[in-house]
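One structure is given below, encoded as structure tokens.
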Amino acid sequence: MSEVRTRFAPSPTGFMHVGNLRTALYAWLLARSEGGKFILRIEDTDQARYVENAVEVIYATLKSAGLSHDEGPDKDGGYGPYIQSERKTLYREYAEKLVASGHAYYCFCGKCEEESGDDIHEASELCPCAGMDAAAAAEKVAAGCPHVIRQRIDRSKVSTFTDAVFGEIQIENKVLDDQILLKQDNMPTYNFANVIDDHLMHITHVVRGSEYLSSTPKYNLLYQAFGWEVPTYVHLPLIMGRDAEGNVSKLSKRHGSVSFENLVSEGYLPEAIVNYIALLGWSPKSDREIFTLDELAQAFRISGLNKSPAVFDYDKLRWMNSEYIKALPPEKFAEAALPFAGITGTVLEEKWELIAGLLHNRTEVFSEIPEKISFLLTQPEYQVELFNHKKSKSDPENTRADLPELRELLAGISEWKAENISEVLSSFAAVREIKAGRPMWQVRIAVSGCAVTPGGPGEIMEILGKEESLARIDRALIKLNA
RNA sequence: GUCUCCAUCGUCUAGAGGCCUAGGACACCGGGUUCUCAUCCCGGCAACAUGGGUUCGAAUCCCAUUGGAGAUGCCA
């Protein structure tokens, strides 16, 4: 068997749906695991949907996800051009060949479908153009009459094919319609361009979503009409989303963030996203879940692909993201998290390293960082009831009693470091034979105003600085004595 | 409507006739460690859609039912 060649053929819509990215990932994985080639082809046959810079988004996404292509618009491999709009004349030629051989026909009634009424399966059958005399049709075309080219399907036959994931599939041709191959604007439809390009680019494995399963016979009929070899099909289970009512359907925007860029801007790491979607519909057949791209390529087998649709679970993505975050070296974490912190230009900027240290294993998604540290910038309004804490035996009364002395002790610290601060609080407790947790809680609440904070009183106060910390304690005292 | 596909814990999945009193992970709930929280550790809850076959034996094979999804565009 010849070299494995897979392709990813996105249309430039301006964003990368994670389902699309997963398709790319599996195509890439298949090529890499077999030592084959991965080709990028841009499917821009829908002029109405053209989006500026969309191709750049595709490059950027693939790069960020680590999916390197061997051939593409920017990397000629001898099968170009790799952008369909630049192959326009090619499709017309092939479509004409099909007309000549009787496998396709010109259609002049743009309204075939609409006029056919309720039974759509008879739409094309009713299309008068299918039975039009070839010479007459050619004449109309020559005269410049607007038209499309439709595939002529032999409705008496039954089509059978084998999918690498779903196995044997049989469909009666009579339910297939005479799909349009070439649109009125002379652009091919996706279905037609795919067949032509996949053949011309020697694609051996067509990896795509299972939504194409039922239209695959139409593709095969085209291959047969040309006398071409049919590629191996690898149809992927769909990625589903659950809506507010609990219904599942193909993952779309109504289900939340579904584009790669979106997820990244919310603070998910590209590596985590890729790892997560790799496991949506594919299993390494082991209990392992964390994989680098190379490890995935190593473990990838078509037999691990699943048939049933998979629901995209944001909770599990969060968990996986947190695993990747925790695995980051401290300085990498600080660097990656900074853009999300929202502290540039504030007094906290130079304390970032310290803050990041506290945040590191408390962060699942970067976007949740600002709210975790907002109390450092401005202390929130809080009630004295917050000083109540059963486990450490703290309450507003004993806090009011203890705080003045604690404040003096803290004020006496010469080197304002977390460990020194903690030491002062601990020895305060030791002398009085109370739990260390009590002054810890009292002071932490006084300086933060939050029941939950990243880090304890020592760390928080070091970041706040001596002056601000004491000022916050003074304010707490006023509040407690009010 | 018609066609196609799918069917194991709430979710992602392991399981290719006996290894299954069905394993792992997320989520959830307990407990431990800890200066709050988190991390970390330990434990728990929780599934073979239903009904028929086949077989000594079925989550695994067959059929039906039910449920779900996809397709049915001059979108991809």
Side-chain angles (χ1 to χ4, degrees), chain A residues 9-11 13 20 43-46 48-49 107 110 112-113 118-121 123 146-150 163 166-167 169-172 174-177 179-185 187-191 193-194 208-217 235 237-238 240 242 246-250 276 279-290 303-304 306-320 322 326 358-364 372 389 391-392 394 422 425-426 429 435-441 443-445 448 450-460:
Chain A
S11 56
T13 58
N20 256 167
E43 311 238 334
D44 58 343
T45 56
D46 187 357
R49 280 205 199 175
C107 170
C112 268
E113 302 87 344
D118 29 40
D119 191 352
I120 197 149
H121 299 114
H147 62 279
V148 300
I149 293 181
R150 282 181 187 277
D163 181 83
F166 289 87
I169 289 171
Q170 208 172 72
I171 293 178
E172 292 191 78
K174 68 179 178 199
V175 305
L176 269 22
D177 49 29
Q179 66 171 343
I180 289 173
L181 269 18
L182 210 68
K183 302 184 244 185
Q184 209 169 96
D185 64 2
M187 275 294 207
T189 55
Y190 163 86
N191 299 297
N194 252 276
R208 48 150 68 138
S210 67
E211 65 263 39
Y212 295 105
L213 212 45
S214 52
S215 55
T216 298
H235 283 99
L238 261 18
M240 315 297 279
R242 190 187 297 283
N247 300 314
V248 295
S249 55
K250 243 165 61 158
Y276 175 69
L279 263 23
L280 260 191
W282 174 80
S283 163
K285 310 275 185 188
S286 72
D287 289 343
R288 185 161 170 212
E289 300 203 279
I290 304 292
S303 61
N306 226 303
K307 294 183 196 176
S308 31
V311 177
F312 194 94
D313 184 355
Y314 289 91
D315 279 338
K316 186 137 190 184
L317 207 213
R318 281 181 80 86
W319 165 78
M320 191 162 282
S322 76
K326 276 177 273 183
L358 299 183
L359 255 16
H360 199 161
N361 61 17
R362 280 174 247 252
T363 304
E364 288 191 293
K372 280 192 200 299
H389 189 245
K391 203 176 147 202
S392 57
S394 162
S422 295
L425 298 177
S426 297
K435 295 181 101 172
R438 190 167 118 185
M440 294 283 184
W441 183 273
V443 172
R444 194 180 60 83
I445 296 301
S448 71
C450 303
V452 172
T453 55
E459 293 149 326
I460 292 172

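Per chain, numbering begins at 1; letters A, B, ... match sequence-line order.
- Residue order along RNA chain B, read from the 5' end via each residue's closest nucleotide, puts A/F312 first among A/C450 and A/F312.
- With B/U39, B/A76, B/U11 as the candidates, the nucleotide lying closest to the side chain of A/N191 is B/A76.
- The nucleotide B/U36 finds no pairing partner, because no Watson-Crick or G-U wobble arrangement with both distances shorter than 3.5 Å includes it.
- Straight-line distance between the P atoms of B/U34 and B/A38: roughly 15 Å, to the nearest whole Å.
- Neither OP1 nor OP2 of B/A69 sits under 4.0 Å from any side-chain N or O of A/K307.
- We find that CZ of A/F166 is positioned 13 Å from P of B/G70, with the value rounded to whole Å.
- Comparing the C1' positions of B/G17 and B/U60 gives an interatomic distance of 6 Å, to the nearest angstrom.
- Side-chain contact check for A/T216 and A/R208: at least one donor-acceptor pair (N or O, by modelled atom type) lies under 3.5 Å.
- Pairing of B/U55, defined by two Watson-Crick or G-U wobble distances under 3.5 Å, is not identified with any nucleotide.
- Of all nucleotides listed (B/U4, B/U36, B/A76), B/A76 comes nearest to the side chain of A/Y190.
- Considering only residues two or more places apart in sequence or on other chains, A/K326 meets the side chain to side chain donor-acceptor pair (under 3.5 Å) condition with A/E323.
- Between A/I149 and A/K183, the closest side-chain pair of non-hydrogen atoms is not below 4.5 Å.
- With both ends at atom P, the span from B/C28 to B/U21 equals 31 Å, rounded to whole Å.
- Here the side chains of A/S322 and A/T363 are not in contact, with every heavy-atom distance at 4.5 Å or above.
- Taking side-chain N and O atoms only, A/K183 has a distance below 4.0 Å to OP1 or OP2 of B/C75.
- Of the residues near RNA chain B, A/D44 and A/E172, the one whose nearest nucleotide (by heavy atom distance) lies more toward the 5' end is A/E172.
- Which of B/U39, B/A7, B/A71 sits closest to the side chain of A/K250 comes down to B/A71.
- In this structure a side-chain-to-backbone donor-acceptor pair under 3.5 Å is missing from A/S392 to A/W441.
- With sequence neighbours excluded, the residues satisfying ring pair (Phe, Tyr, Trp, His ring centres under 6.0 Å) with A/Y276 are A/F312.
- Remark: the separation of the C1' atoms in B/U2 and B/C45 is 44 Å, to the nearest Å.
- Phosphate proximity of B/U36 to A/K372: absent, as no side-chain N or O sits under 4.0 Å from OP1 or OP2.
- For the C1' atoms, the distance from B/G70 to B/A14 is 26 Å, rounded to whole Å.
- Rounded to whole Å, atom C1' of B/G70 lies 14 Å from atom CZ of A/R208.
- Side-chain contact between A/L181 and A/R150 is absent, with no heavy-atom pair separated by less than 4.5 Å.
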> Base, backbone or nothing for each nucleotide of nucleotides 15-30 of chain B, written B, S, -, heavy atoms under 4.0 angstrom, 5' to 3'?
Replying inline: S--------SBS----
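- Going from the P atom of B/C20 to that of B/A59 covers 13 Å, rounded to whole Å.
- The salt bridge (charged side-chain N to carboxylate O under 4.0 Å, His left out) test applied to A/E364 returns A/R318, not counting sequence neighbours.
- The gap from the C1' atom of B/A25 to that of B/U8 amounts to 15 Å, rounded to the nearest Å.
- Donor-acceptor pairing under 3.5 Å, judged by distance alone, is present between the side chain of A/Y212 and the base of B/A76.
- Take A/Y190 and apply the ring pair (Phe, Tyr, Trp, His ring centres under 6.0 Å) test, not counting sequence neighbours, and it matches A/Y212.
- Of the candidate nucleotides B/C37, B/C6, B/U2, B/C37 has the atom nearest to the side chain of A/R362.
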Shorter than 3.5 Å, N or O on both sides, protein versus nucleotides 33-35 of chain B: list them out with atom names.
{"residue": "B/U34", "atom": "O4", "partner": "A/K391", "partner atom": "NZ", "Å": "3.2"}

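- Among the atoms of the strands shown, only primed sugar atoms or phosphate atoms (P, OP1, OP2) are found under 4.0 Å from some heavy atom of A/T45.
- Between the CD atom of A/E211 and the P atom of B/G73 there is a distance of 15 Å, rounded to whole Å.
- Side-chain atoms of A/I169 lie closest to B/U4 of the nucleotides B/C12, B/U39, B/U4.
- For A/M187 and B/G73, the CE to C1' distance is 17 Å, given to the nearest whole Å.
- Distance A/L182 CG to B/C75 P: 11 Å, rounded to the nearest Å.
- The side-chain heavy atoms of A/L238 and A/E211, taken from C-beta on, include a pair separated by under 4.5 Å.
- Protein atom CG of A/L238 is 13 Å distant from nucleotide atom P of B/C12, rounded to whole Å.
- Remark: A/K326 is not in phosphate contact with B/A38, judged by side-chain N or O atoms under 4.0 Å from OP1 or OP2.
- Residues passing the salt bridge (charged side-chain N to carboxylate O under 4.0 Å, His left out) test with A/R438, sequence neighbours excluded: A/D402.
- Residues passing the side chain to side chain contact (heavy atoms under 4.5 Å, CB included) test with A/S426, sequence neighbours excluded: A/M440.
- Going from atom CG of A/D177 over to atom C1' of B/G1 covers 15 Å, rounded to whole Å.
- Checking B/C74, B/A38, B/A76 against the side-chain heavy atoms of A/Q184 singles out B/C74 as nearest.
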Scan nucleotides 42-49 of chain B against the protein and return all N/O pairs shorter than 3.5 Å with their distances rounded to 0.1 Å.
none

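- The salt bridge (charged side-chain N to carboxylate O under 4.0 Å, His left out) test applied to A/K316 returns A/E289, not counting sequence neighbours.
- Straight-line distance from the NE2 atom of A/H360 to the C1' atom of B/C37: 17 Å, rounded to whole Å.
- A/D163 is linked by a salt bridge (charged side-chain N to carboxylate O under 4.0 Å, His left out) to nothing, counting only residues two or more places apart in sequence or in another chain.
- Under the side chain to side chain donor-acceptor pair (under 3.5 Å) criterion, A/S11 pairs with no residue, sequence neighbours left out.
- With both ends at atom P, the span from B/C37 to B/G23 equals 32 Å, rounded to whole Å.
- With both pairing distances under 3.5 Å, B/U60 is matched to nothing as a Watson-Crick or G-U wobble pair.
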